[in-house]
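Residue numbers run from 1 in the order of the sequence given.
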Amino acid sequence: MMENNLSRESTTLLALDNIKCNSLNSLKGDSLSSSVISSWESIPADVRRAIVSLQASGKVSGEATPTVSMSSTSSTSSINEDATTEAQQMDCAGESSESGVTTVFTPLERAPDNVFSFKKHIVEESNVMVKSSSAVTTKTKVITSGRGWRNIFTLPISYDVNMVARGTIFDPANAQLLHSTGVHSEGYNRRFATIDAEVDKIYGSQIRAYFTVRNIELTTFILNGGEAEKRTEAVDKLLEALCAYKLRRREPFLAIGGGVLLDMAGMAACLYRRGVPFVRVPTTLLALVDASVGVKNGVDYCCSITDETYKNRVGSFYAPSSCLLDSSFIATQDSRNIANGFGEILKLALVRSSDLFDLLEAHGSELIRSRFQPNSLTPPGVSDRIIDLSIQIMLEELGPNLWETKLDRCVDYGHTFSKLLEMVPGADIFHGEAVNIDGFFCVVLSHLRGFINIDTVNRILSCMKSLLLPTNCSDLKLHLAWQSCKDAIEHRHGEQRIPLITEIGESICVSDITEEELDRALNAMKQFMH
């Protein structure tokens, strides 16, 4: 955003940063493309403030590279004479968040938008009490200097979540799957796909036939997609297969399966050659609305020091090149697995959408029975509407916060106590089931805090039961619940940040849940018919 001549776009962006300058007031209504605004907002705030101060001072010259200064010193007299002289030579000064630090940025000629050299002056003051007949306080100053470079780069993230016409993803007449694997030079007639073992049993012949009719050789690597397989060892095996295949740097590979396989494939894609494109093809309801739409990938990690297994402890933020969603896969799932997917959908309804909750309440049980296929008891379009709403809500929540710089996240609902529930040795529990048990426990916590009344609690419980979702389990005890809160503090950087609903479709994050409060909620759970 910094050039020898700052453009009108830059000036308008400065106005967006609330500069109190008459020359800029008239520009606040100027329209800019979202990409320009996004690029500006991606620059660290301290650098933006420096650029803002420089522009507001009117000292930008097209004949010289601008030098930008930021100062947070409380008084210029706190800097020694040499530093004061240098400060006087700075083009302008702005305020930064660190007290006692003055930083001067200078853009480099060959990369003025990205690379800045800097000089820092750090002034630290301390008061020393000298004991004598009369107390004397002296001030001690320590002035240090430093220099270096700052690199600023906005990572371009863009990926499409494509809805494919029901039942056509492996139809040779539909070229979407082929097109998703990229444009290759003429004569390059091979592709790579990692496929869930259960999916391969049902769809393997169709997948291979799809590429055979196009004279493309498909190399497949089959992985077990169960939660027990979600380990670094499975990722290693996939990386070995990619090495043997000799995947090209810009060649997307296919990942076809449920959430576990998509997570492992995403992690492998992030690691292989430091990042290669991959295409997600989710084959379960849970993966359709959850694992397929975000950028998180990860595996459970077994730590030899603590002798514990941590859920999703090792992973990455890495976006797919594309996602292809075909809801016809749900027809091959049994009732428990479809209900498992509803665990994540209901979570979204509770924290974000009363409309989605109404749809689940009215039609969820029949959709499980019919496996999301057209039927006489479900109005046309309802199943698609539920899936569309779920994906849209997830994208709305994740899109502006892909790297989770903001840790107060309503989509973490149901993901505080569920992690440890899933990791109990020998536990027979699916992810969506654990999320729902966690979710109902949080409903009870909300009720005990007075956020929701008992009628709302009973309505939610009735909906959960109609979706065949568990609402309690014997492993949810005080020790596990309190340990979950401690783990949340670690994972969410010092605070619990536990989402609780204030009504159906609305939520807040709280960080003050006590062990005694958990105990009361666990006792209250016993009063409900689960």
Side-chain angles (χ1 to χ4, degrees), residues 226-228 230 258-260 263 284-287 289-291 294 296 298-301 308-315 336-352 390 394 397-398 404 407-446 460-461 463-465 467-492 496-501 507 509-511 513 517-518 521-522 525 528 530:
E227 191 69 34
K230 195 176 179 182
V260 170
D263 270 1
T284 66
L285 176 59
L286 180 62
V289 301
D290 186 34
K296 290 202 295 189
V299 296
D300 302 337
Y301 188 74
E308 292 187 74
T309 300
Y310 301 94
K311 185 168 180 61
N312 292 327
R313 184 56 61 94
V314 177
R336 186 182 179 188
N337 276 285
I338 296 174
N340 183 45
F342 269 130
E344 283 285 354
I345 295 175
L346 182 56
K347 171 201 80 175
L348 296 173
L350 289 174
V351 297
R352 270 290 314 273
S390 301
M394 281 292 284
E397 291 300 321
L398 301 181
E404 296 184 9
L407 294 175
D408 290 272
R409 306 188 327 132
C410 70
V411 290
D412 277 338
Y413 189 84
H415 289 72
T416 300
F417 310 100
S418 61
K419 292 181 179 181
L420 293 190
L421 286 176
E422 288 186 75
M423 302 312 294
V424 172
D428 179 22
I429 190 169
F430 291 172
H431 175 69
E433 294 173 339
V435 167
N436 197 72
I437 292 169
D438 181 322
F440 186 67
F441 185 50
C442 287
V443 166
V444 174
L445 285 167
S446 289
I460 293 170
L461 177 62
C463 182
M464 289 175 170
K465 292 167 73 173
L467 297 174
L468 306 182
L469 286 165
T471 54
N472 201 359
C473 76
S474 59
D475 292 320
L476 183 56
K477 295 184 172 70
L478 182 59
H479 174 74
L480 183 145
W482 186 233
Q483 184 59 48
S484 296
C485 289
K486 294 177 180 178
D487 288 357
I489 291 172
E490 179 184 337
H491 182 61
R492 297 166 186 163
Q496 293 174 350
R497 306 180 199 269
I498 298 174
L500 296 179
I501 64 169
S507 65
C509 286
V510 303
S511 294
I513 293 177
E517 187 175 3
L518 294 174
L522 288 170
M525 290 274 280
F528 297 95
H530 301 281

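Here the side chains of Met394 and Val411 are in contact, with some heavy-atom distance below 4.5 Å. Contact of the Arg492 side chain with the Thr416 side chain is registered, since non-hydrogen atoms from C-beta on lie closer than 4.5 Å. Side-chain contact between Ile501 and Ile460 is present, with heavy atoms from C-beta onward closer than 4.5 Å.
Between the OG atom of Ser484 and the CD1 atom of Ile498 there is a distance of 8.5 Å, given to the nearest 0.5 Å. With rounding to the nearest 0.5 angstrom, the CG atom of Asp408 is 11.5 Å from the CD atom of Gln496. Note that SG of Cys509 is 8.5 Å distant from CZ of Arg497, once rounded to the nearest 0.5 Å. Taking CD from Glu433 and CD1 from Ile437, the interatomic distance works out to 7.0 Å, rounded to the nearest 0.5 Å. To the nearest 0.5 Å, the span separating OH on Tyr413 from CG on Leu348 amounts to 12.0 Å. Rounded to the nearest 0.5 Å, atoms CG (Leu420) and CG (Leu480) are 5.0 Å apart.
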Practice item. Under the side-chain contact (heavy atoms from CB on, under 4.5 Å) rule, what do Phe417 and Asp475 come out as? Steps first, then yes or no, please. Key: CA-CA 11 Å; Phe417 310 100; Asp475 292 320; over 6 Å; no
Review point. Taking it one step at a time, do Cys463 and Leu346 satisfy side-chain contact (heavy atoms from CB on, under 4.5 Å)?
Key: CA-CA 9 Å; Cys463 182; Leu346 182 56; 4.3 Å; yes
**Study point:** Check against side-chain contact (heavy atoms from CB on, under 4.5 Å), Glu422 and Asp300
**Key:** CA-CA 11 Å; Glu422 288 186 75; Asp300 302 337; over 6 Å; no
Check your understanding: After noting the C-alpha distance and the side-chain angles of His491 and His415, does the key distance pass the ring pair (Phe, Tyr, Trp, His ring centres under 6.0 Å) rule?
Key -> CA-CA 11 Å; His491 182 61; His415 289 72; over 10 Å; no
Practice item. Could you walk me through whether Leu421 and Cys473 pass side-chain contact (heavy atoms from CB on, under 4.5 Å), step by step? Key: CA-CA 9 Å; Leu421 286 176; Cys473 76; 3.7 Å; yes
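Taking all atoms of both residues into account, the shortest heavy-atom contact from Gly294 to Leu398 is CA-CD1, 3.8 Å. Between Gly432 and Asn340 the shortest heavy-atom distance is N-OD1, 2.6 Å. Residue Leu285 comes nearest to Ile338 through the heavy atom pair CD2-O, 3.4 Å, listed as atom of the first residue, atom of the second, then distance. In this structure, Ala287 and Gly259 approach most closely via the heavy-atom pair CB-N, 3.6 Å. Nearest approach of Leu445 to Leu500, heavy atoms of both residues: CB-CD2, 4.1 Å. The minimum heavy-atom distance linking Ile345 with Ser390 is given by the pair CG2-OG, 3.3 Å.
The pair Glu397-Arg352 counts as a salt bridge, with a side-chain nitrogen and a carboxylate oxygen less than 4.0 angstrom apart. The residues Asp428 and Arg336 are annotated as salt-bridged, a charged nitrogen and a carboxylate oxygen being separated by less than 4.0 angstrom.
With a 6.0 Å radius and a threshold of 12 heavy atoms from other residues, nucleotides or ligands, Tyr301 has its OH atom at or below the threshold.
When the options Lys311, Lys230, Arg313 are evaluated for a side chain to side chain contact (heavy atoms under 4.5 Å, CB included) with Val299, the one that passes is Lys230.
Panel note: side chain Asn436, backbone Thr471; no donor-acceptor pair is recorded below 3.5 Å. For Glu490 (side chain) and Asp487 (main-chain N/O), no donor-acceptor pair under 3.5 Å exists by modelled atom type.
Shown here are the ring-ring contact (aromatic ring centres under 6.0 Å, His included) partners of Phe440, two or more places apart in sequence or in another chain: Phe528, His530.
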